[in-house]
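Naming: A, B, ... by sequence-line order, numbering from 1 per chain. Source: prediction; values computed, not measured.
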Number of protein chains: 2
Amino acid sequence: MDSMIRVVIVDDHKILTEGLKGLIDGSGSAIVVGVAHSAAECRLSLGFWKPDVLLLDVGLPDISGLDFCKEVKTQFPAINVLALTTHDEYSIVRQMLDNGASGYLIKNAMTEEVLAGIQAVAAGGTFLCHEVDLLLKRPREKHIWLTERERELLKLIAEGLTNGEIADRIFLSPETIKSYRKNLLLKLDAKNTAVLVRIAIEQKLIG
Amino acid sequence: MDSMIRVVIVDDHKILTEGLKGLIDGSGSAIVVGVAHSAAECRLSLGFWKPDVLLLDVGLPDISGLDFCKEVKTQFPAINVLALTTHDEYSIVRQMLDNGASGYLIKNAMTEEVLAGIQAVAAGGTFLCHEVDLLLKRPREKHIWLTERERELLKLIAEGLTNGEIADRIFLSPETIKSYRKNLLLKLDAKNTAVLVRIAIEQKLIG
DNA sequence: GATAAAAACCCCCTTTAGGGGGTATCGTAG
DNA sequence: CTACGATACCCCCTAAAGGGGGTTTTTATC
């Protein structure tokens with residue numbers, strides 16, 4: 001059929017992709033034209049598969065799904081990316097959408113939402129599963145969002161560098177690092193470095 | 001058929017459970033007699049389903065799969081638990097096996113391994129997927145394993161408590177906490193608290 | 001052209017963490 | 001019976017973090 005939506009799945013969980021393929025193929029409105037278990041595997045065949053929709057996991061074994069999404073949208077702007085992942089953190093959702101994804105599904109979403117999402121993004125629209133929709137609608141103050149510099153510093157702090165070491169590394173005054181650090185504690189509502197690092201990892205604020 | 005292995009799946013990823021059910025039912029040797037998306041849901045029907053094998057996820061929405069495994073093995077010792085999760089950390093595998101699981105599968109394992117695992121544990125044996133088998137065979141020094149007390153302290157440190165606050169909380173001398181802290185830095189090869197907390201979370205050493 | 005946010009910088013002072021040593025008790029596996 | 005690991009405790013000293021205040025410049029946005 002000409003009207004069939006061509007779907008490609010990229011996810012390293014083989015059990016999930018098998019089940020998903022059956023689900024989509026059985027829907028009557030879409031067909032899985034390719035499955036890859038890594039970004040590298042997907043790159044090799046994407047031009048050949050020519051999908052309308054790319055179902056993309058964030059936690060790929062080789063590179064981050066965030067980066068791969070940006071890569072795909074640059075090379076194939078016509079492909080509509082639908083994120084499919086376990087992550088329900090604001091930071092990940094926001095980065096994925098910023099990188100060009102048209103929709104976002106959480107893996108414990110209803111199976112019907114998968115089909116609805118595929119149809120919505122294939123038609124050029126956007127789709128968010130219920131949980132993510134609620135997440136993004138929360139007041140701005142609830143969302144933790146850091147600047148590039150802040151994320152950079154947070155990463156170095158989590159790697160165990162002291163203010164002095166960070167200062168040497170990125171050619172800034174130790175006093176500046178101290179200021180950023182104090183500001184991060186404020187922004188993330190952390191009492192000290194231990195909590196700062198915990199929140200950074202839990203909220204996936206650092207790569 | 002009498003020889004069919006009765007399987008119950010407990011996993012909150014609905015897409016995965018659907019696919020998995022098809023896979024198992026189609027194998028000819030096993031049949032899915034029940035699916036639950038939370039521990040609570042499973043508790044209600046487990047006595048009725050009477051499975052031979054319980055396919056159990058670690059990341060359940062209500063309680064930890066680790067605790068639920070112990071609970072099931074206490075109430076129904078005859079049920080063979082086969083862990084099915086994304087976690088490939090030594091700490092999780094070890095705790096799961098200590099809590100009575102007969103096998104351990106990682107979600108990106110081959111689908112054939114799922115069926116092989118089900119048959120092995122149904123027969124009273126054990127089964128580890130390839131990756132986990134390799135993990136457990138690594139020299140002991142590579143595995144981070146903490147005592148109860150150390151895990152307790154690590155958790156409190158990650159919550160941002162100072163030595164003094166921890167001392168007050170668990171009725172020990174602040175000097176004792178300091179000693180434990182130094183020892184944890186050594187054991188986890190961490191330079192400071194920031195790295196300590198990062199490793200603790202990444203290696204899933206704290207609940 | 002005002003406004004605001006980000007980025008960079010500075011000083012004073014107190015608290016906490018970290019590095020270096022130790023000691024004593026208990027239980028258990030060799 | 002002894003050797004070891006786990007638990008709990010102690011002192012000295014330095015390094016680093018945290019709390020409190022600031023200032024300036026640039027760069028977007030309205």
Whole angstroms only, please: what is the [atom1]-[atom2] distance between [X] and [N]?
X	N	atom1	atom2	value
B/Leu154	D/dT7	CG	P	13 Å
B/Glu152	D/dA6	CD	P	15 Å
A/Asn183	C/dA7	CG	P	10 Å
A/Trp145	C/dA6	CH2	C1'	15 Å
A/Leu153	C/dA6	CG	P	14 Å
B/Leu184	D/dA8	CG	P	13 Å
B/Glu148	D/dG5	CD	P	19 Å
B/Leu186	D/dG5	CG	P	14 Å

Could [X] and [Y] be called an ion pair, given the rule that one side-chain N must be under 4.0 Å from one carboxylate O?
X	Y	value
A/Glu71	A/Arg43	yes
A/Asp11	A/Lys107	yes
A/Glu152	A/Arg149	yes
A/Lys191	B/Glu165	yes

Using a 4.0 Å cut-off on protein heavy atoms (strictly under), produce a 5'-to-3' string for nucleotides 24-30 of chain D with B for base contact, S for backbone-only sugar-phosphate contact, and - for none. -------

Can you build the contact string for nucleotides 17-30 of chain C? Use B for base contact, S for sugar-phosphate-only contact, and - for no protein heavy atom under 4.0 Å. SBBBB---------

Phosphate contact (D/dC10 OP1 or OP2) by B/Ser173 side-chain N/O below 4.0 Å: yes

Below 4.0 Å: OP1/OP2 of D/dC9 and any side-chain N or O of B/Thr176: yes

Please indicate whether A/Lys204 has more than 12 foreign heavy atoms, meaning atoms of other residues, nucleotides or ligands, lying under 6.0 Å from its NZ. yes

Check whether more than 12 heavy atoms from other residues, nucleotides or ligands sit under 6.0 Å from atom NE2 of A/His143, and answer yes or no. yes

Using only heavy-atom distances, determine whether the side chains of B/Ser91 and B/Gln95 contain a donor-acceptor pair under 3.5 Å. yes

Aromatic plane relationship, A/Trp145 with A/Tyr90 - under 30° parallel, 30 to 60° tilted, over 60° perpendicular: perpendicular

Under the 3.5 angstrom rule, does the side chain of B/Arg6 hit a backbone N or O of B/Val32 as a donor-acceptor pair? no

Nearest-neighbour nucleotide for the A/Arg149 side chain, D/dA6, C/dA8, D/dA8 considered: C/dA8

